[in-house]
Structure formats: structure tokens, C-alpha cells
Amino acid sequence: SQTIHQWPATLVQPVGSPLSLECTVEGTSNPNLYWYRQAAGRGLQLLFYSVGIGQISSEVPQNLSASRPQDRQFILSSKKLLLSDSGFYLCAWSDPGGRWYEQYFGPGTRLTVT
Amino acid sequence: GENVEQHPSTLSVQEGDSAVIKCTYSDSASNYFPWYKQELGKRPQLIIDIRSNVGEKKDQRIAVTLNKTAKHFSLHITETQPEDSAVYFCAAGFNSGGSNYKLTFGKGTLLTVNP
């Protein structure tokens, strides 16, 4: 069966520091991968998605970037964090060959920028 | 790009009553309309979906309707139970067999079912 991992679960970082959040998927090949930010338990805002290695679509201009160095690995990064980057970050995957609209979410990372 | 509006933002009902959540979308190309449920402290999960060639779909106590002309779709929950309490998200997207696999989500509806 497929599983999705995210780490770390929580993170407290000072303003101006770099960020790296990692997401990995097991049990599937060539998944679509997504990064979302969820504000206050609501509002799933799509940040990036990827349909293959090295292929990244950016949805919201901001202080963040994403990379997909391996088929089942998706990384969210920032060179210098802002206070406004605080939030709950969710990674998700879907099967492009089937029910692509059924996205499976990871456990999330709670980021606090101080 | 696609814009999805969802109403109401909060909804409180008595156990046994029905609940209706409504969404509108802007892109007429959208042809997939899934609904996700997120219980407190848990991940969003798909509960039902409807495609543009279907006007209504039911799964036990849950039904979804779609009006493509008006660009709106709705989630109906009948005989609500306390375990239906959660945040519900509607979403819209399209896929033409190419590389677009993006969903645009509504802002969510917090449903509370009071026993």
C-alpha cells in the first residue's frame, strides 16, 4: 500500500533562516506531488505541484521554492523565512493514471517563524 | 485561473437534520468536482466526487449535485450524526489527459452537528 511521509512534524525557525521540508511517498511510481499551506485549519492553498522529476509548477509567487530531485521525493525550501511563512504545510500525492483528483495528504508540518 | 467560492464558512445543525454546503467555480473548463472532509487533527480525505457529465451522485447519506450552466455544485448530508462534524472542502479541476492535475479548493465549511 502507499504511504506518504513528511518531516519534521513541527519546526520553529527565526526570521531570515533557511527552510527545508521534505515529503516522500512509498508504494507508487511517478505520482503527482503537491505542496499546500493550510491557514487556521481551513483554506488549502496550493503552493506547488509536480508531475515528474524536475518539473515544478508554481501557483503563488512567494518566498518559497520546491524541488523534486527523485520520483517520490518533494522538497519545499526557502532561503530566508518571513514571519508570514508561518503555517501548516501539507504534502499530497495523486495517481495521474487514475483518480488524479483523489489526493492523499501527509501528516503535515507546523512551521512557526519567530 | 480557477476560483472556487464556498458557503457557508460555518454551519451548525442538530443531529438528524440535513446540511447543505454550496460552491461556485469560475472556469468553465473544470470537469472534476471532488469533496474532502477533514476531521479535527486529521488529514483531508476524499469523500465523494462528481464529474461534469453527471448532474447528481449519491453515496448513502451524502449526495452531490452539479449545475454546469450556473457553475455551482453542492454537498448534501442527510440524517446528520455527530461524527459528521468536520471541515468540508469543495474543489474544482480539469484534466484533458495532459499535464494539468491541479485542484482549486474552496476555503472550507466547519460543520458542527449538535447531539
Side-chain angles (χ1 to χ4, degrees), chain A residues 1-6 9-10 23 25 28 30-61 66 68 74 87-110, chain B residues 1-11 21 23 25 30-52 54 57 64 66 73 85-112:
Chain A
S1 64
Q2 301 88 1
T3 55
I4 179 169
H5 304 278
Q6 276 186 253
T10 60
C23 171
V25 181
T28 186
N30 196 32
N32 295 329
L33 295 172
Y34 306 85
W35 278 112
Y36 289 92
R37 180 163 55 203
Q38 186 172 31
R42 307 278 204 100
L44 291 166
Q45 180 188 34
L46 179 63
L47 303 176
F48 303 95
Y49 76 102
S50 171
V51 299
I53 294 174
Q55 300 178 61
I56 309 294
S57 295
S58 174
E59 295 300 308
V60 182
R68 184 171 178 173
F74 206 22
F88 190 56
Y89 291 83
L90 285 163
C91 181
W93 74 273
S94 72
D95 178 1
R99 291 161 55 91
W100 65 270
Y101 50 89
E102 181 164 15
Q103 297 186 4
Y104 299 89
F105 288 83
T109 295
R110 176 78 58 192
Chain B
E2 176 65 275
N3 182 48
V4 176
E5 300 283 343
Q6 182 171 349
H7 300 281
S9 59
T10 61
L11 180 60
I21 301 170
C23 291
Y25 63 99
S30 289
N31 54 3
Y32 289 86
F33 305 93
W35 286 86
Y36 284 76
K37 175 183 180 182
Q38 185 177 25
E39 297 177 11
L40 185 63
K42 297 191 175 180
R43 318 172 196 190
Q45 285 190 306
L46 179 74
I47 54 171
I48 194 168
D49 64 272
I50 191 167
R51 301 188 191 183
S52 60
V54 176
K57 182 177 179 180
V64 290
L66 171 65
F73 56 114
S85 296
V87 177
Y88 291 82
F89 295 97
C90 62
F94 75 91
N95 180 263
S96 59
S99 60
N100 185 75
Y101 296 97
K102 182 181 73 172
L103 290 175
T104 301
F105 284 84
K107 293 190 183 302
T109 296
L110 174 60
L111 172 65
T112 303

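Per chain, numbering begins at 1; letters A, B, ... match sequence-line order. Computed from heavy atoms alone, side chains included, the values below leave out hydrogens, waters and symmetry copies.
- Residue A/Tyr36 touches chain B through its side chain alone, counting heavy-atom pairs closer than 4.5 Å.
- Distance check, rounded to the nearest 0.5 Å: CZ of A/Arg99 to CG of B/Leu46 gives 5.5 Å.
- For the residue pair A/Trp100 and B/Tyr32, the shortest heavy atom distance occurs at CZ2-CD1, 3.5 Å.
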Quiz item: Taking it one step at a time, do B/Tyr101 and A/Gln103 satisfy side chain to side chain contact (heavy atoms under 4.5 Å, CB included)?
Solution: CA-CA 10 Å; B/Tyr101 296 97; A/Gln103 297 186 4; over 6 Å; no
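- By the ring-ring contact (aromatic ring centres under 6.0 Å, His included) test, A/Phe48 is found to be paired with no residue, residues two or more places apart in sequence or in another chain being considered.
- Neither the backbone nor the side chain of A/Gln45 comes within less than 4.5 Å of any heavy atom of chain B.
- If you tally non-hydrogen atom pairs under 4.5 Å between each of B/Ala91, B/Ser9, B/Gly106 and chain A, the highest count goes to B/Ser9.
- When every heavy atom of B/Phe89 is checked against every heavy atom of A/Gln38, the shortest pair comes out as CZ-NE2, 3.4 Å.
- Residue contact with chain A, scored on non-hydrogen atoms closer than 4.5 Å, involves the backbone and the side chain of B/Leu110 alike.
- Counting only heavy atoms from C-beta outward, the side chains of A/Leu46 and B/Phe105 never approach each other to under 4.5 Å.
- Rounding to the nearest 0.5 angstrom, the gap separating the NZ atom in B/Lys102 from the OG atom in A/Ser94 is 14.0 Å.
- Proximity to chain B (any heavy atom under 4.5 Å) is shown, for A/Ile4, by both the backbone and the side chain.
- Checked against side-chain contact (heavy atoms from CB on, under 4.5 Å), B/Gln45 has no partners two or more places apart in sequence or in another chain.
- For chain A, the nearby part of B/Pro34 is the side chain; its heavy atoms alone come within less than 4.5 Å.
- In this structure, no portion of B/Phe33 lies under 4.5 Å from any heavy atom of chain A.
- Summarising the geometry, atom CD1 belonging to B/Ile50 is positioned 11.0 Å from atom OH belonging to A/Tyr101; distances are rounded to the nearest 0.5 Å.
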